[in-house]
Amino acid sequence: MTKDVAVCGYRSFASQAVAEKQESNSSSGKGDIEVELLNPFRLHLLESGPSTHLHTNKDELMKMFRDMTTLRRMELKADQLFKSQQIRGFCHLYDGQEAIPSGMEAALTYEDCVVTAYRDHGIFLGRGGTVFETFSELMGRRTGCALGKGGSMHLYKKENNYYGGWGIVGTSGPLGTGLAHGLKYMKKPNVTVAIYGDGAANQGQLYEAQNMAALWKLPVIYLVENNHYGMGTAEWRASKQTTFFDRLHYIPGIKVDGMDAFSVKAAVQYAKEHCLAGKGPIVIECDTYRYHGHSMSDPGSTYRSRDEIQTFRQERDPIERVSKIINKEGIASADDLKKLAKDIKRDVEEQAAKARDAPQPEDDELFSHIYRLDTGLVTYGCDRRQKVQLA
Amino acid sequence: MALSQGIMAASVAVAAPVVLLSASSAYSARPHGALSSATLPALKTRKVFTVKASAAEQPASFGPSSQKLWTPKLVTNAVATKQETAATTGAKGGHELLLFEALREGLEEEMERDPTVVVMGEDVGHYGGSYKVTKGFAEKFGDLRALDTPIAENSFTGMAVGAAMTGLRPVIEGMNMGFLLLAYNQISNNCGMLHYTSGGQFTIPCVIRGPGGVGRQLGAEHSQRLESYFQSVPGLQMVACSTPYNAKGLMKAAIRSQNPVILFEHVLLYNLKETIPDEDYICCLEEAEMVRPGKDITILTYSRMRHYVLQAAKTLVSKGYDPEIIDIRSLKPFDMYTIGNSVKKTHKVLIVEECMRTGGIGASLRAAIMENFFDYLDAPIGCLSSQDVPTPYSGPLEELTVVQPHQIISAVEKMLSD
């Protein structure tokens with residue numbers, strides 16, 4: 001049981017994350033535990049979809065529970081830190097949507113590329129980022145994944161092929177298509193997952209990118225995190241067609257229950273096979289929900305009712321779903337899980353405290369990383385008296 | 001036949017008036033008394049109202065005379081100056097409000113006055129605007145006049161331009177100025193250049209507004225200063241507001257203008273408080289604002305940097321310097337009249353801006369001053385601008401990116417000691 005309750009927060013090195021991933025990849029999917037699908041898949045332009053008989057095993061279930069609980073606690077801690085002004089600027093929280101990175105990463109490897117928008121804390125953790133790195137970046141410390149220069153919306157992890165973290169809505173479409181283009185060009189047996197939201201689905205650049213992906217049969221999975229609200233605007237007020245998986249008649253799509261990690265995993269597995277078979281891009285729409293508002297400056301209750309939020313929490317919470325299966329299969333009792341959750345919470349608090357004590361960036365880091373090579377360029381201070389060599 | 005045509009063409013060319021950049025504010029607005037709700041197409045979700053020709057639609061006076069109407073008393077004013085405040089008694093009370101409320105008031109008054117004024121943008125309707133500038137508009141004016149658009153900046157800006165071509169006066173809100181980069185093509189080609197390329201047939205009386213500038217740790221993509229990117233697009237006018245008084249005035253003037261105007265607001269100035277007049281007023285779009293007269297040095301600034309300059313001026317005045325502070329307000333075109341008069345008086349110029357050094361407003365302003373007033377300058381024009389770096393998220397680094405008051409003080413001291 002000790003291995004199962006080991007918390008994820010201590011993963012300090014990317015190599016450790018890769019090792020964990022390889023270990024989990026080898027055991028995922030094979031299992032004796034059958035999972036019942038709560039909501040069926042809806043297909044567009046596909047004769048057959050992902051398998052509806054999902055199997056899992058003890059390790060995978062516990063890993064999902066651990067990862068999702070870590071993410072949930074990290075987001076709640078970030079909420080607290082924002083309110084006490086340790087995190088500034090914009091902070092878009094991911095709690096409620098944990099099933100998506102959990103399920104998606106179970107079907108991918110770190111050789112596959114992932115790119116997302118500004119609600120990226122969850123995807124970053126799924127890609128092997130650590131809670132410490134996230135908190136450091138959110139608090140602007142040098143130990144952050146972008147050295148404190150990016151902030152909440154710009155989390156990156158190149159060694160695990162996580163390409164961010166973007167502030168402008170819709171950016172992930174063209175960028176993801178480009179990542180897939182690079183993968184195909186270099187003949188790698190990998191896919192790209194380009195994640196965007198229901199609000200972003202009305203961006204022109206997405207249609208342009210999807211057209212090109214379909215034209216050149218690029219291995220890109222467009223994953224729509226449909227949480228039904230684009231900041232304050234409900235999906236039916238922003239989109240003529242409120243489904244996102246069947247928008248184009250030349251790109252197939254699957255609609256998936258995004259609060260169920262297993263459905264997401266099955267869909268992404270299916271989509272990965274689809275892309276690697278050379279059939280071109282595919283869209284996965286994950287029907288999910290965010291408990292917090294759009295960001296910390298949005299209460300999230302002016303455009304949706306508290307009843308709605310409560311209903312989602314009670315009936316479709318992703319962590320509850322996995323916990324129920326764990327309890328039912330007798331892998332761990334409710335008390336064990338509660339204890340594990342408490343350990344994770346304590347660990348997350350420790351990581352936050354460690355991040356708070358981490359050093360701020362030095363002043364001369366203002367000018368580093370503007371260009372790649374030392375080309376001998378200089379820049380001047382604001383009154384032209386201070387001369388700085390660009391690194 | 002050809003000869004008569006030739007003569008006709010020549011006479012037309014001679015008779016055509018040379019139109020300077022004088023089409024601003026109410027000067028060229030249509031007489032609104034001619035409009036009545038009966039002649040407008042029925043808008044289904046609109047409350048019924050009548051358009052009154054307001055008594056206050058006199059053309060705004062040009063030049064500095066409009067400054068004499070009101071000397072604002074800013075609550076956050078950091079400068080202890082003696083104000084020739086005979087005019088402030090003209091304020092029989094006035095009312096106090098925050099800058100975003102002033103913008104809202106200006107927008108609301110213009111929407112009441114002219115039924116063709118519409119607002120469009122992301123979350124401007126039911127949500128009330130991400131900075132509450134359009135709060136209550138959807139309830140008051142309906143969903144069509146406070147239009148919630150999908151997240152498609154390029155397209156809804158283009159849509160607004162198209163609507164403007166048919167006679168509407170759209171006010172486009174970019175939730176953050178940085179998002180308008182996606183709409184750059186529409187703003188540059190269609191909004192700015194169309195009046196010229198169509199030979200004067202189409203006017204685009206739209207206002208593009210939104211918060212920009214460096215905020216509190218908003219990250220690189222949300223801390224952009226688009227005034228430097230748009231400044232060379234011909235056909236656009238750009239203004240930057242910095243106080244509730246000029247925010248409301250510029251908003252109203254921009255809406256009444258027949259030209260496309262970009263109104264730059266600053267994300268950190270929305271909660272600035274001031275008492276503004278009750279009566280209807282506008283600020284001239286091409287005019288700079290004399291914030292503090294002086295004689296030692298001319299400090300030219302705009303938007304948030306005005307408040308930093310005022311903060312620095314407090315120290316400078318106590319040290320015995322007498323800076324003349326001008327809020328240039330009009331970023332395109334520059335008010336060379338006010339600026340020139342000041343340069344002729346003080347002979348030294350310092351520009352304090354939030355733009356990046358390369359290609360910023362300060363760069364153009366320096367060139368303009370040097371070209372026109374070189375003989376009046378006793379020293380090279382100083383310019384303090386932001387560093388040429390993407391704005392980092394980290395707080396201390398972000399502070400280093402932007403000009404700080406102590407840097408303004410030391411720059412002025414250096415310039416005046418040479």
Side-chain angles (χ1 to χ4, degrees), chain A residues 85 87-90 118 137-142 144 146-154 166-171 197-205 230-234 237-240 294 297-298 302-303 360-363 365-370 379-385 388 390, chain B residues 122-131 143 148-156 175-176 178-179 181-182 215-223 350 352-353 357-358 380 382-404 407-408 410-411 414-415:
Chain A
Q85 298 210 350
I87 299 176
R88 314 288 299 274
F90 292 131
Y118 48 78
E137 186 62 36
L138 291 176
M139 296 200 244
R141 304 293 201 258
R142 203 184 337 127
L147 303 179
K149 299 194 202 182
S152 161
M153 295 182 280
H154 302 281
W166 300 92
I168 301 294
V169 168
T171 309
D198 49 296
N202 297 315
Q203 277 275 327
Q205 50 186 329
M231 195 159 112
T233 309
R237 293 189 65 237
S239 307
K240 176 72 178 167
H294 163 78
S297 41
D298 169 40
T302 54
Y303 49 86
Q360 299 266 8
E362 298 291 313
D363 283 357
E365 292 198 38
L366 181 66
F367 296 108
S368 62
H369 306 114
I370 299 180
T379 188
Y380 293 93
C382 74
D383 56 354
R384 213 164 178 79
R385 295 192 192 255
V388 178
L390 287 182
Chain B
E122 294 154 13
D123 279 323
V124 298
H126 291 197
Y127 193 80
S130 45
Y131 292 95
D143 276 345
D148 270 329
T149 60
I151 307 176
E153 290 84 3
N154 192 24
S155 303
F156 71 69
M175 194 184 274
N176 186 288
F179 304 167
L181 286 174
L182 284 166
R216 295 244 186 277
Q217 296 187 245
L218 299 179
E221 288 175 339
H222 290 68
S223 311
L350 175 68
V352 181
E353 58 166 356
R357 188 158 198 83
T358 306
C383 182
L384 299 180
S385 31
S386 294
Q387 307 288 1
D388 279 327
V389 299
T391 312
Y393 170 75
S394 157
L397 289 187
E398 189 187 57
E399 266 175 34
L400 289 175
T401 314
V402 184
V403 178
Q404 300 295 329
Q407 290 170 318
I408 303 173
S410 47
K414 260 202 179 66
M415 283 189 79

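Chain A is the first sequence line, chain B the second, and so forth, proteins listed ahead of strands; every chain is numbered from 1. Computed from a prediction, not measured in an experiment: that's the story for all the values here.
Your options are B:Asp388, B:Leu182, B:Leu350, and the one with the most heavy-atom pairs under 4.5 Å with chain A is B:Leu182. Annotation: maximal heavy-atom pairing with chain A below 4.5 Å, among B:Ser394, B:Gly395, B:Gly125, occurs at B:Ser394. The candidate from B:Pro396, B:Gly219, B:Ala220 with the greatest count of non-hydrogen atom pairs under 4.5 Å with chain A is B:Pro396. Chain A forms the most heavy-atom pairs under 4.5 Å with one residue out of B:Glu122, B:Met175, B:His126, and that residue is B:His126.
The contact between A:Ile87 and chain B is made by backbone and side chain atoms together, counting heavy-atom distances below 4.5 Å. At a 4.5 Å heavy-atom cutoff, the contact between A:Thr233 and chain B is made by backbone and side-chain atoms alike. With a 4.5 angstrom heavy-atom cutoff, B:Phe156 does not touch chain A via any of its atoms. Interface remark: A:Met231 contributes backbone and side-chain atoms alike to the contact with chain B (heavy atom separation under 4.5 Å). The contact between B:Tyr127 and chain A is made entirely by side chain atoms (from C-beta outward), counting heavy-atom distances below 4.5 Å. Using a 4.5 Å cut-off between heavy atoms, A:Gln203 touches chain B through backbone and side chain atoms alike. With a threshold of 4.5 angstrom between heavy atoms, A:Phe90 approaches chain B through its backbone and through its side chain. Within the 4.5 angstrom heavy-atom criterion, atoms from both the backbone and the side chain of B:Ser130 approach chain A. Heavy-atom distances place no part of B:Leu181 under 4.5 Å from chain A, backbone and side chain included. In this structure, chain A has heavy atoms under 4.5 Å from both the backbone and the side chain of B:Glu153.
Side chains of B:Pro392 and B:Thr401 form a contact here, defined as non-hydrogen atoms less than 4.5 Å apart. Side-chain contact check for B:Glu221 versus A:Thr171: every heavy-atom pair is 4.5 Å or farther apart.
Distance check, rounded to the nearest 0.5 Å: CG of A:Leu366 to NZ of A:Lys149 gives 7.5 Å. From A:His154, atom NE2 reaches atom CH2 of A:Trp166 across 8.0 Å, with rounding to the nearest 0.5 Å. The CG atom of B:Asp143 sits 7.0 Å away from atom CG of B:Asp148, with the distance rounded to the nearest 0.5 Å. With values rounded to the nearest 0.5 angstrom, A:Arg88 atom CZ is found 13.5 Å from A:Leu138 atom CG. In this structure, B:Ile151 CD1 and B:Phe179 CZ are separated by 9.0 Å, a value rounded to the nearest 0.5 Å. In this structure, the separation between CD on B:Gln387 and CD on B:Glu398 is 13.0 Å, given to the nearest 0.5 Å.
Under the 4.0 Å criterion applied to side-chain N and carboxylate O atoms, A:Arg142 and A:Glu362 are assigned as salt-bridge partners.
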